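The sequence lines fix the lettering, A, B, ..., with proteins before strands; numbering per chain opens at 1. Below, all heavy atoms of this structure are taken into account, side chains as well, without hydrogens, waters or symmetry copies. On a predicted model such as this, the values are computed, not experimentally measured, just so you know.
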2 protein chains.
Amino acid sequence: MGLTKTEMFTDLQNEIALFSKAFGHPARVAILQHLFKIEGCICGDLVEEIGLAQPTISQHLKELKLLGLIKGNVEGTSICYCIDEENWTNMKKVMLQFLDQDIANKKCC
Amino acid sequence: MGLTKTEMFTDLQNEIALFSKAFGHPARVAILQHLFKIEGCICGDLVEEIGLAQPTISQHLKELKLLGLIKGNVEGTSICYCIDEENWTNMKKVMLQFLDQDIANKKCC
DNA sequence: TAAGTTCATTGCAATATTACGATTATATAT
DNA sequence: ATATATAATCGTAATATTGCAATGAACTTA
């Protein structure tokens, strides 16, 4: 059905899934890496850097912005996108909590 | 088109995206959390624990297994699934490298 | 052997995602 | 006002994902 049953999971589980989904496409990974490398950025750059069409990049940026991981400031005719450091730090905490789990005992396998 | 153009990205970017995709569904997050909490596990448990139908859980397990994050050993009529610690550690390295990036300079925004 | 248990696979329907051409907004410059 | 530049939005096509009923495979027990 393509419809995730979010109501049967905890808020934390859904949050982890949402962040992960954002990183679940190499274009968005590349965009974020680029935004980290350069101090601030413009969408046009990304279209060249990544190699996808402008509407596609714009759509990926929108998703990242909706999640709060990046923010965009109007700067003349172009828009300056950059990492939202505070939200990125919060996201990192949530993700690390998940990734850094240790195995309890281990009886089988 | 629903088709990710993986060929235009680096291996690392695609790897990060693949791992993230696996975590991009709350059921798979819940499965992994459960496998961490309990030492080894059986699929039947998960069906009760998670609340989705058995074929659905089985499918999620298959994806996680394909990625190498979990492994399953036959144990009588049931199968004991558990975290593949070595691969989990490797995955963690890749993901941390991505999540722990720091901003270069920061000129705008 | 027959019945039961457990999990995988198949097949399908519904929804989501990805990508891009065409168009539209917004601002700047002439 | 007109032209230009940049990025968002719309519309659409193709593919992917999610979920489950039905079925199948493998093993255990009576």
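- Separating the CD1 atom of I42(A) from the P atom of dA27(C) is a distance of 16 Å, rounded to the nearest angstrom.
- Note on L52(A): only backbone sugar-phosphate atoms sit closer than 4.0 angstrom, heavy atoms only; bases stay farther off.
- Taking every side-chain heavy atom of I79(A) into account, dA7(D) is the closest of dC7(C), dT15(C), dA7(D).
- Counting only heavy atoms from C-beta on, T77(B) has its side chain closest to dT6(C) among dC20(D), dT6(C), dT6(D).
- The phosphate of dG19(D) has OP1 or OP2 within less than 4.0 Å of a side-chain N or O from H25(B).
- Distance, N73(B) CG to dA8(C) P: 12 Å, rounded to whole Å.
- Contact annotation: the side chain of L46(B) approaches that of I31(B) to within less than 4.5 Å [non-hydrogen atoms, C-beta and beyond].
- Distances shown here put every side-chain N or O of S58(A) at or beyond 4.0 Å from the OP1 or OP2 atom of dA7(D).
- If you check every strand for non-hydrogen atoms under 4.0 Å, K21(B) touches sugar and phosphate atoms only.
- The residue T56(B) sits close to a base: some heavy atom pair falls under 4.0 Å.
- Phosphate proximity of dC20(D) to K5(A): present, with a side-chain N or O under 4.0 Å from OP1 or OP2.
- The interatomic distance linking E48(A) (CD) with dA7(D) (P) rounds to 11 Å, in whole Å.
- One interatomic measurement links the two molecules: CD of Q59(A) to C1' of dA8(D), which rounds to 11 Å at whole-angstrom precision.
- Side chain to side chain, Q13(B) and Q33(A) meet the donor-acceptor criterion of an N or O pair below 3.5 Å.
- In this model, the phosphate group of dA8(D) is approached by a side-chain N or O of Y81(A) to a distance below 4.0 Å at OP1 or OP2.
- With R28(A) contributing its side chain and H60(A) its backbone, the two residues share no donor-acceptor pair below 3.5 Å.
- What separates CD of Q54(A) from P of dA25(C) is a distance of 15 Å, to the nearest Å.
- When all heavy atoms of K92(B) and D100(A) are compared, the pair lying nearest together is NZ-OD1, 3.1 Å.
- Separation of the W88(A) and F19(A) ring centroids does not fall under the 6.0 Å cut-off.
- Of the candidates dA22(C), dC20(D), dG19(D), dA22(C) carries the atom nearest the P55(A) side chain, counting heavy atoms from C-beta on.
- To the nearest angstrom, C1' of dT28(C) lies 14 Å from CD of E75(A).
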